[in-house]
Structure formats: C-alpha cells, structure tokens
Amino acid sequence: MESSGVASHAPGKREQIKTSVGAVAGQRRRKLAVTLGKERRDAVVRGKRIRRADTNDDSEFMELAEAAVDDENAYKQLEEEVSQAVQNLKLALSTSGKGAATKKLEALRKLRQLLSFNSAPPIHVAVASGAVPILVDCLAFGSSEEQLLEAAWCLTNIASGELDQTRAVLPAVPLLIAHLGERSAVHVAEQCAWAAGNIAGEGEDMREILLSQGALLSLSRLIFSAVPSVARTSCWAMSNLIKGPSARAATELMSIKGIPECLVQHLIKGDEALVAEVAWILVYVTVLSDSCTAVLIHAGVLPPLFQWLASSEQTTVLTPILRTLGNIVSGENAKTDAVILAGHNVSGGLCGALLRCLKAPHRNLQKEGAWVVSNIAAGSMEHKRMLFTSNLLDRLVHLLKAAAFDVKKEAAYALGNLCVTPKQAGTEPHPILEHLSSLVARGCVKEFVNLVRLPDAEASRLGIQFIELVMRSLPNGQGPKLVEIEDGIAALETLQFHENEELRNMATVLLDGYFGDDYGLEEEYGSKVVDGNAGGNDVSDYPSWRRKGTVGV
C-alpha cells in the first residue's frame, strides 16, 4: 500500500492444516487490527481513506465497533457480526416479493455500518465471506440511489484495506467509473470517486487499471463541481491517480480544457480542505512535467499559493504548497524568478513566507521550508544573494545547530548551496568567500564536522564537502586550522575504513592533502622547510553540492 501514513501490518496467510495454528493466526490478526486502529486515530492517512459513519447514523453496532478499537474480544465479535451481515445480505438478495427491496437495503446498510463505524474494520471477513460480488451486483444500472450509495460505500472501505483486499474490488471498477457520469446522482458519483481514489492509492498497477478504463476523464468532470465535498473528494482521488512515476496521466489531466484554470479558482475560492487536495494535484504535476508546470504558472497558480503560504496555519495545507513551490524552483531559473515575483504580493515576500514556515513549531514544515530554500540557493547568483541578505540566514544557521536531524540536513544543504557559485558547463562551482566566511564566523564549521560523524551517508558527504570548501577557500591557511580546532581530523579519520567507498576516498584525500606528515611543520619551522604545495591537492572530483532536486509524496 502506498502513502498509508501508518505501518503495514499484514498478518500473513493462515495455516489451514492445523486448527491451533489457524486460531493463533486469527488472534494475531485481531491484535494487529486493534493496534492499527489505535494508530489510525491519530494519523492522517493520505493514500487511502475509510469513510466513517455519518453522525446521524444510529446503529446497534456503534458501541461494539468503537469498543473494538481497544478490545480484542470486541473486535472478534465485530468480525462475527460482519460475517453474519454478509450472509443476511445474500439471503435478502435471494428473496422476492413484497418488501424485498426494503429488506435488501436494510441488510446492505447494516453491512456498511459495520464497515464504517470502526477506524480499522474487519475488511478481511467481508471479503472472505463473499461480500464483493454481491456489492458489485448492487451497483447494477437501474438500482435505487440509496442502494448504489450503500454498495459504493462498502466497496470504498473494503478498497481501503491491504493489497489483496483492494484487488478484490477490481471487478467493481467498470461500474464505479460508469457511475461517475453526468446521469448519476451527485452523492453517488462522489462515493464512487472515493472508491476509485482508494484503489488508485494502492499503487502503480492499480492506477494503470483505472486509467485504462477511462477513470481520469470521468474524475476530471467532478473537479469542476460547485459542491465542495464533491470537488474535495474528486481532487483527492485525482491526486492518487496521477502520482506517477509516469507523467502521462498528469499531462493528460492538464490538457483537459479548463482544468488548470479550475484548479486555480479552487485555490482562490475554496476552503482549506479543498485547497489541500488541489495542492496535492499540483505537487504531482510539478514533479512530473516541466511543460505542465509552465501551464500552471501561466494560468496564475502562484499568487494564490503564496496567499495560503502566508496565512494558513494548517500543516495539511502548507506541506503540499511548500512541495509544489519547491518543485517549481527546482527547475530553470526563469521559474524561480516567477516564484520570487509572485511572492512580492505577500508581506515579507518569498523570504518572509518561507521564514514563517522555518519558524513553525512543526518539524515537517521546517524541513519542507528548508528544502525549498536549498533549491533556490542552488540557482543563480542573484538568487543566492537574495537569500544571503535576507533574514532567512540566521534561522537556517539556528536549524543547523538545534533542529532534528532531517531538518538539520536540509538546512545544511541550503547553507552549502549558498557558498558556491552556479555550476557552469564543463567547470566545477567556485566558493563564494563572503558567504562562506559569514557561515564560518557563525560557528557552522563545528556543525558540519558533526555531520561527518553521523551514520547517515548523505549527511557525512555534506559535512565533508563543506569542510573541504573551508580548507580550500579561507586565506592564510585558516581553513585547516579551524577544522582541526573543531576536531575535524578525528571526524575524517572515522571514515577512512567506512563501507561507503566514496566517503572513504573523500576522507582519505582530505587527510592526506591537508593533514599529511608535514602538516604543522611550516608553523613550527618556517616556510622554507615545507613544500608550499602541501594542501594543494586537486579535489575537483568531489561531488558538487546537491543541485536542484524535486520531491513527490
């Protein structure tokens, strides 16, 4: 399952030979379901979403379903109720005559309630009991709106489960897509879109099945809906459908007449819930297609993004907006210029809006904000100068020193990119001495030395690159001395026998080049004693600072 936001706890296949083994497997499955239910109460699950019961639902199973979140025995009872509900539905479908339709709808509703009151319902029982073929039959054309809604709702929640459970819903795909059409009731179409979104959230194979059966065009129609909940659901489902890795679906979506302008209007007029879903579409479009990114910019997507970036307090809104902007500025400098220009419409401009995120109490926002800055810092000299003279610099240094590891690493990328010139064809970036000296004066050498010691290879590489830059660039041999004072020699020595060959070679070259046998002799005996070329090794083969990169979910 993709992007579930929670750990996947598949209990494995039941052993059918021994009853005792089967009983243990069932008990383990229930324990895992209870644990998963507890996790999902506090987790924001993007990839798949269960539709919970309506507030006006009055079911005899509500207390049981809620108790099952924490109680294994209650969960076992819930499993039994689901199995019985499926049998009752089969019986209701086989009867005819007066009241048959009512009985069928009541049986369908009871199954739906059992699958929607709990945050981790026993979907496996519904599938094993044969619910899916019956639910597919309930989607037949000519069925009542109530029956279509209840059946689609059940299928939605079944599709929110593990891979095998989602696969079980595939026979319903043609009818689910058909009910997205203009002739369907709005609430039925919305529920079918939700089911399609859960199927698409399972992975690339599922997305291809949906796309091959025309889901994209049908879903795109719902994006234009003036009903907020329908627009939200369809945008969420669409974001799952175009995730990639192929850009085909995203490109096809953006080629549909009116879609770019519709997305912009949702950003301008929608509430935060709708804006969050639209922004995830933008994340995938901007990471997959430069040409579609240009279309969005032309349609006016940047100003409303900045309005939300400067005003929203919701991480669910700010996270996809930061990722979208980060993807855009990871491209050509002209797109970064467009982002900077759009930022002039909010107080403090681009830097002010990003500083707000870097100062947020949420680690994820700090990380995403620093990633955006690192991409801008990998741009032109004008971009680097703008960041260096802004109030972002102090905050980035603070994050480098005091933030959690993942935030610290992004801050290190941003600061490192500020210290080298843009790479020209056939040449390596050169140090920007003013920027580098400022960071050295702020105590950054120690922090980059600390990165060298970390078990994360990417962080170690960052530390080595900055240390090399300091030793090569500072005048009068100050660099090696500063690195030595901050215990950089010992940090580099820890990498001489590292399993990563690149790190091992980088550390060895620096130690041999700057701290060889004759290191310190000049200071003690004078320059005539030491070959003046010591420390002049060519280190141009080192990987350059991370250039602009893009991020998807």
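In this text, all values refer to a predicted model and were calculated from it rather than measured experimentally.
Minimum heavy-atom separation, Lys48 to Ala159: NZ-O, 3.2 Å. Among all heavy-atom pairs drawn from Val230 and Glu190, the shortest one is CG2-OE1, 3.7 Å. Nearest heavy-atom pair across Ala195 and Thr156 is CB-OG1, 3.3 Å. Of all heavy-atom pairs spanning Leu115 and Pro121, the tightest one is O-CG, 3.4 Å. Counting all heavy atoms, side chain and backbone alike, Ala414 lies closest to Val373 at CB-CG1, 4.0 Å. Leu216 and Ile242 make their closest contact through CD1-CG2, 4.2 Å (heavy atoms, listed as atom of the first residue, atom of the second, distance).
When side chains are defined from C-beta on, Ile158 counts as touching Leu135, because their heavy atoms get closer than 4.5 Å. Between Leu387 and Cys351, some side-chain heavy-atom pair lies under the 4.5 Å cut-off. For the pair Ile340 and His383, the minimum side-chain heavy-atom distance is below 4.5 Å. No side-chain heavy atom of Tyr284 sits less than 4.5 Å from a side-chain heavy atom of Met238. In this structure the side chain of Leu282 never reaches within 4.5 angstrom of the side chain of Arg323, judged on heavy atoms. Side-chain contact between Arg167 and Met206 is present, with heavy atoms from C-beta onward closer than 4.5 Å. Taking 4.5 Å as the limit, some side-chain heavy atom of Phe224 sits within range of a side-chain heavy atom of Ile259. Residues Val407 and Glu410 are not in side-chain contact: their nearest non-hydrogen atoms beyond the backbone lie 4.5 Å or more apart.
Note: Leu392 CG to Leu350 CG = 7.5 Å, rounded to the nearest 0.5 Å. Separating the CH2 atom in Trp280 from the OG1 atom in Thr319 is a distance of 6.5 Å, to the nearest 0.5 Å. Put simply, CD on Glu204 and CG on Leu211 are 10.0 Å apart, with the number rounded to the nearest 0.5 Å.
With hydrogens and angles disregarded, no donor-acceptor distance shorter than 3.5 Å links the side chain of Trp194 to the backbone of Ala152. Ser312 places no side-chain N or O within 3.5 Å of a backbone atom of Trp308 that could act as its donor or acceptor partner. A donor-acceptor pair under 3.5 Å is absent between the side-chain atoms of Ser129 and the main chain of Ala131, judged by distance alone. Between the side chain of His266 and the backbone N or O of Ile223, at least one donor-acceptor pair lies under 3.5 Å. One N or O on the side chain of Ser212 and one on the backbone of Ile209 form a donor-acceptor pair closer than 3.5 Å. A donor-acceptor contact shorter than 3.5 Å is absent between the side chain of Trp236 and the backbone of Gly197. Distance alone, capped at 3.5 Å, places no donor-acceptor pair between the Glu368 side chain and the Leu365 backbone. Remark: side-chain polar atoms of Asn333 are not paired, donor with acceptor, to backbone N or O of Gly379 under 3.5 angstrom. Remark: side-chain polar atoms of Thr286 are paired, donor with acceptor, to backbone N or O of Val283 under 3.5 angstrom. Listed for the Arg207 side chain is a donor-acceptor partner under 3.5 Å among the backbone atoms of Ala200.
Residue pairs meeting the side chain to side chain donor-acceptor pair (under 3.5 Å) criterion with at least one member in residues 289-303, sequence neighbours excluded, are Ser289-Ser291.
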- Message: Does Leu180 form a side-chain contact (heavy atoms from CB on, under 4.5 Å) with Leu176? I'd like the steps, not just the answer.
- Response: CA-CA 7 Å; Leu180 295 174; Leu176 290 171; over 6 Å; no
- Going through the distances and angles, do Ile297 and Ile328 end up as a side-chain contact (heavy atoms from CB on, under 4.5 Å)? CA-CA 9 Å; Ile297 293 175; Ile328 293 173; 4.1 Å; yes
- Task: Go through the steps to decide whether Leu325 and Leu354 satisfy the test side-chain contact (heavy atoms from CB on, under 4.5 Å), and finish with yes or no.
- Result: CA-CA 11 Å; Leu325 292 173; Leu354 290 175; 5.7 Å; no
- Please step through salt bridge (Lys or Arg N to Asp or Glu O under 4.0 Å) for the pair Glu313 and Arg356, ending with a clear verdict. CA-CA 10 Å; Glu313 300 292 337; Arg356 181 170 174 267; 2.9 Å; yes
- Task: Verify side-chain contact (heavy atoms from CB on, under 4.5 Å) between Leu114 and Gln84, making sure each step is shown before the conclusion.
- Result: CA-CA 11 Å; Leu114 286 165; Gln84 186 59 52; over 6 Å; no
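Checked options Leu322, Asp271, Leu274, Val275; the residue passing with Val317 is Val275 (criterion: side chain to side chain contact (heavy atoms under 4.5 Å, CB included)). Checking each of Arg112, Lys110, Lys104 against Glu150 for a side chain to side chain donor-acceptor pair (under 3.5 Å) leaves exactly one that passes, namely Arg112.
A salt bridge is defined here as a Lys NZ or Arg NE, NH1 or NH2 lying under 4.0 Å from an Asp or Glu carboxylate O, and Glu208 with Arg248 meets this definition. A salt bridge links Glu332 to Lys335: at least one charged side-chain nitrogen sits closer than 4.0 Å to a carboxylate oxygen.
When the ring-ring contact (aromatic ring centres under 6.0 Å, His included) test is applied to His179, the partners found at least two apart in sequence or on another chain are Phe141.
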